[in-house]
Amino acid sequence: METGVIDLAELDGDFDLQSTLESGQSYLWGRLDGQMYDRDGAFGGDAWYQTVVPPLDGVSDESAVVRARQVDGGLEWASNTDAVPILRSLLRLDDDLDAVVEAMPDEPLVARAYEAYPGMRIVRDPPFGCLVSFICSAQMRVSRIFDMQERLREAYGEKVEFDGETYRAYPTPERLAEATEDDLRDLRLGYRAPYVQRTAEMVASGEATPAGARGLDYEEARDYLTTFVGVGDKVADCVLLFSLDYLEAVPLDTWIHTAIDEYYPECDRGNYRETSRAIRERLGGDIAGYTQTYVFHYLRSGGE
DNA sequence: TATCCAAGGTAAGTT
DNA sequence: AACTTACCTTGGATA
């Protein structure tokens, strides 16, 4: 086991692990105390979080178990490999959050949202897990989306030994493609079951891959992702923002529609494409997704 | 205890 | 292209 501490004072801007991982951006991490996405929002300021990541392009060559917790001034970690480059990637530690905040629109709602969760960063999830978890997110509560991913890992994830325990990686496209719709319904995915199965099949066969959207212009990338079954504009925006580095992506979900109705009514253009263009412009252009994520978490956690 | 409702939407069918 | 409707499941609200 390798361990270390990343000095958070070296980052540009603040950092907060709990709000980054428990704000509905990622469903691929867990808490060792079992309180992940707890209904009461259990305090996790010093909790250990853990994920099992597949090889990451340009970052790591093999699967890795990564464990992390925030201690004063540092991000303490333990892993079966050097987790520093992995954590830098997964948690976007290289983002200049001061510059991002500077670029967010200067107005009360946004200021309150940032002050509620200073240091929250966008995640950079592995593409396939991000894609599948957000397919599962349709009409579903955040805590239950997480539960579904746990069941998928338990049923189809490769076992990984670490620190005397057995954990499970997120299922590979190949393994998930072998599941039947009924298998996945048994895991309580409901009507999302055939979406997940068919999308896994598309990825496993090479017909399309989520990472294949990289490099395309933003709206082209969004259109490309909607070729997956169960992926509309909203889920596509989530994958672009939380996995593929499109920080301008603003997923138009129920919470953001509420914010648009109340605070940005002039941005409601009646359809996704045009409303998206207007709200992206309004929320800071190329970092609009950061603004959205603060507003989403703030509204969802009871602020207004 | 029973019933109802809505949750980070999408696909398929109609007009 | 815009508008409707069905869709699994379940915790929490309401009666």
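Since the structure is predicted, the reported quantities are computational estimates derived from the model, not experimental observations.
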Length of the [atom1]-[atom2] vector between [X] and [N], whole Å:
| X | N | atom1 | atom2 | answer |
| --- | --- | --- | --- | --- |
| Arg192(A) | dC7(C) | CZ | P | 14 Å |
| Gln197(A) | dT10(B) | CD | P | 19 Å |
| Phe146(A) | dT9(C) | CZ | C1' | 18 Å |
| Leu184(A) | dT9(C) | CG | P | 12 Å |
| Arg269(A) | dA2(C) | CZ | C1' | 18 Å |
| Met148(A) | dA7(B) | CE | P | 15 Å |
| Arg188(A) | dC7(C) | CZ | P | 21 Å |
| Asp186(A) | dT10(C) | CG | P | 11 Å |

Query raised in the report: Which nucleotide, in any strand shown, forms a Watson-Crick or G-U wobble pair with dC8(C), with both distances under 3.5 Å?
Result: none
Query raised in the report: Within the pair Arg185(A) and dC8(C), is there a side-chain N or O less than 4.0 Å away from OP1 or OP2?
Result: yes
Requested in this report: Check whether any side-chain nitrogen or oxygen of Gln139(A) sits under 4.0 Å from OP1 or OP2 of dG9(B), and answer yes or no.
Outcome: yes
Query raised in the report: 5'-most contact on DNA chain B: Val229(A) or Arg144(A), nearest heavy atom basis?
Result: Arg144(A)
Requested in this report: Return the 5'-most residue of the pair Trp255(A), Val231(A) with respect to DNA chain B, ranking by each residue's nearest nucleotide.
Outcome: Trp255(A)
Query raised in the report: Counting side-chain heavy atoms from C-beta on, which of dC7(C), dT10(C), dA2(C) comes nearest to Arg141(A)?
Result: dT10(C)
Query raised in the report: What's the closest nucleotide to the Met140(A) side chain, out of dA11(B), dC8(C), dA2(C)?
Result: dC8(C)
Query raised in the report: Which whole number of Å gives the distance between the P atom of dA6(C) and that of dC5(B)?
Result: 15 Å
Query - Pairwise P distance, dC8(C) and dG13(B) [rounded to whole Å] - result: 15 Å
Query raised in the report: Are the charged groups of Asp147(A) and Arg188(A) less than 4.0 angstrom apart, N to O?
Result: no
Requested in this report: Would you indicate what Tyr272(A) reaches in the nucleic acid, counting non-hydrogen atoms under 4.0 angstrom: base, sugar-phosphate, or nothing?
Outcome: nothing
Requested in this report: Could you tell me whether Gln292(A) contacts a base, only the sugar-phosphate backbone, or nothing, with contacts defined as non-hydrogen atoms closer than 4.0 Å?
Outcome: base
Report task. Pick out which of Arg222(A), Lys234(A), Arg269(A) makes a side-chain hydrogen bond (donor to acceptor under 3.5 Å, both in side chains) with Ser276(A). Result -> Arg222(A)
Report summary line: Only residue of Ser243(A), Ser26(A), Ser133(A) satisfying side-chain hydrogen bond (donor to acceptor under 3.5 Å, both in side chains) with Asp125(A) is Ser26(A)
**Report entry** Donor on one side chain, acceptor on other, Tyr218(A) and Asp286(A), under 3.5 Å
**Finding:** no
Query raised in the report: In a check of side-chain contact (heavy atoms from CB on, under 4.5 Å) between Phe228(A) and each of Glu207(A), Arg198(A), Met202(A), which one passes?
Result: Met202(A)
